[in-house]
**Q** 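Please find one structure pasted underneath; my questions will follow.
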Protein chains: 2
Amino acid sequence: MDTSQPLRDTIIESLRSGQLRAGDRLPTERAFCEQYRISRTTVRKVLQELKERELISQTVGSGTYVTEHAAQKLASMAADASASQISPAVLMEARLALEPAIVEMVIGNATAADFEQMESCCAKAEAAASNEEFEVWDGLLHERIAQAAHNAFVANVFALMNQARAQGEWGMLKKRSLTPERRLAYQQEHRALVQAIKNRDPALARERATEHLLHVRRNLLNY
Amino acid sequence: MDTSQPLRDTIIESLRSGQLRAGDRLPTERAFCEQYRISRTTVRKVLQELKERELISQTVGSGTYVTEHAAQKLASMAADASASQISPAVLMEARLALEPAIVEMVIGNATAADFEQMESCCAKAEAAASNEEFEVWDGLLHERIAQAAHNAFVANVFALMNQARAQGEWGMLKKRSLTPERRLAYQQEHRALVQAIKNRDPALARERATEHLLHVRRNLLNY
DNA sequence: CTAAATTTGTCCGTATGTATT
DNA sequence: AAATACATACGGACAAATTTA
């Protein structure tokens with residue numbers, strides 16, 4: 001059995017209920033040992049975990065304290081837990097809102113090298129022998145476009161999208177919805193989008209990105 | 001002194017030089033104890049670290065093994081170390097691109113309860129006695145707006161923004177740039193933005209969000 | 001200002017449980 | 001079935017930093 005669980009649970013619960021607030025000092029490690037009848041090794045294991053989660057901090061000679069942003073961290077924990085499960089419908093709604101904005105940003109920041117990579121992705125997607133291979137280059141094209149924004153934050157947002165896409169029903173949905181006709185249409189839409197970006201035409205690029213995503217959503221979710 | 005350092009260094013160096021390759025089995029914990037004249041607790045502490053970094057894996061009854069992607073993980077360590085820092089300029093550029101899009105999405109999804117919370121944030125920000133307090137409600141208002149999109153992915157994006165904002169020069173920059181006149185202007189811009197969202201006027205809401213962010217950026221970065 | 005007490009940081013040796021070989 | 005090897009836990013000791021008397 002895990003003898004560390006009671007201590008861990010009690011501390012977390014105290015933080016959640018507000019019995020322990022930012023700046024408060026926790027009992028000493030040895031006090032926890034006696035109170036919970038566990039070894040100091042076990043106590044320190046628990047405190048180590050909480051310290052890594054930035055819920056507490058420890059100072060030699062002084063004691064163990066609740067960090068200033070403990071409540072916030074704890075709140076964002078719950079959010080993160082439910083975060084990785086994002087439905088295709090929710091993700092597509094967000095992509096429809098955000099990607100056209102990213103495309104407009106790309107127009108301001110993209111270089112010739114970026115365009116080359118985009119067109120290379122288009123070409124390789126068109127030459128793909130299988131649907132699996134096509135999807136690889138499809139995904140890579142969208143990634144190249146996002147990277148062409150040359151903005152670290154946008155790159156993080158795109159990584160989030162990939163994460164949501166990788167873990168879930170998305171793969172199955174996409175596989176089932178990709179017919180030869182649709183693939184051909186996607187290829188044309190990709191080319192048209194890249195061309196609009198290359199021409200530095202914000203309005204047209206936005207429109208083509210939106211239309212492509214609407215098309216993908218319609219095929220994926222039937223609306 | 002840290003008696004765990006020699007063992008840690010030796011293993012890392014062996015991984016880096018290729019003496020230890022993917023799938024290779026490491027000596028047993030007790031063998032390390034004897035070889036380095038350290039306790040098993042210390043050995044386990046080192047192996048625990050490497051396990052968390054996904055460089056090795058351990059199996060009960062079998063042994064300790066080098067993971068398949070150990071070399072790759074080790075290589076990307078150095079890169080990641082300098083990666084996660086996003087400058088205020090980069091963050092503001094991304095916010096300018098993404099937040100107006102989010103605002104437009106909010107118009108389609110926000111409820112009466114959302115509007116109440118937004119206006120409550122505005123009121124509390126206006127009533128704030130100190131700049132610190134004002135910033136709390138300022139941040140909370142932007143959070144409420146993002147939450148009103150009622151989209152889990154957008155919520156994640158906003159959490160990313162908070163993370164980038166919390167860790168860095170942002171706090172100092174903001175504190176230094178917030179004068180009484182500017183604070184008053186922000187309050188009016190907030191009210192105007194919320195009103196536009198409430199009126200479900202996409203174009204106006206976008207414009208006001210953009211103007212507010214441009215204003216913040218100008219004050220923050222002087223351009 | 002000094003010295004003692006307190007508290008975390010690190011390390012050690014041992015014992016028992018559990019899964020694999 | 002026995003040996004091997006990791007998983008978990010305990011209690012003790014000393015060092016280092018801080019607080020207190």
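The chains referred to below are lettered A, B, ... by the order of the sequence lines, with proteins before strands, and numbering in each begins at 1.
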**Q** Measure the CE-CH2 distance between A/Met161 and A/Trp170 for me, rounded to the nearest 0.5 Å.
**A** 11.0 Å

**Q** Taking pairing as Watson-Crick or G-U wobble with both contacts under 3.5 Å, can you name the mate of D/dA1, or confirm there isn't one?
**A** none

**Q** Is the B/Phe134 ring parallel, tilted or perpendicular to the B/His190 ring (thresholds 30°, 60°)?
**A** parallel

**Q** Centroid separation under 6.0 Å, is that true for the rings of A/Phe158 and A/His142?
**A**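 No, the ring of A/His142 stays outside the 6.0 Å limit from the ring of A/Phe158, centre to centre.
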
**Q** If the threshold is 4.0 Å, N to carboxylate O, is there a salt bridge linking A/Asp2 and A/Arg8?
**A**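 Here A/Asp2 pairs with A/Arg8 in a salt bridge, since their nearest N and O are under 4.0 Å apart.
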
**Q** Roughly how many Å is it from CZ in A/Phe32 to P in D/dG11, rounded to a whole number?
**A** 17 Å

**Q** Can you give one letter per nucleotide of nucleotides 2-10 of chain D, 5' to 3': B if a protein heavy atom sits under 4.0 Å from the base, S if only from the sugar-phosphate, - if neither?
**A** ---BBBBSB

**Q** Among residues at least two apart in sequence or on other chains, which ones pass side-chain hydrogen bond (donor to acceptor under 3.5 Å, both in side chains) with B/Arg217?
**A**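 Partners of B/Arg217 under the side-chain hydrogen bond (donor to acceptor under 3.5 Å, both in side chains) test: none.
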
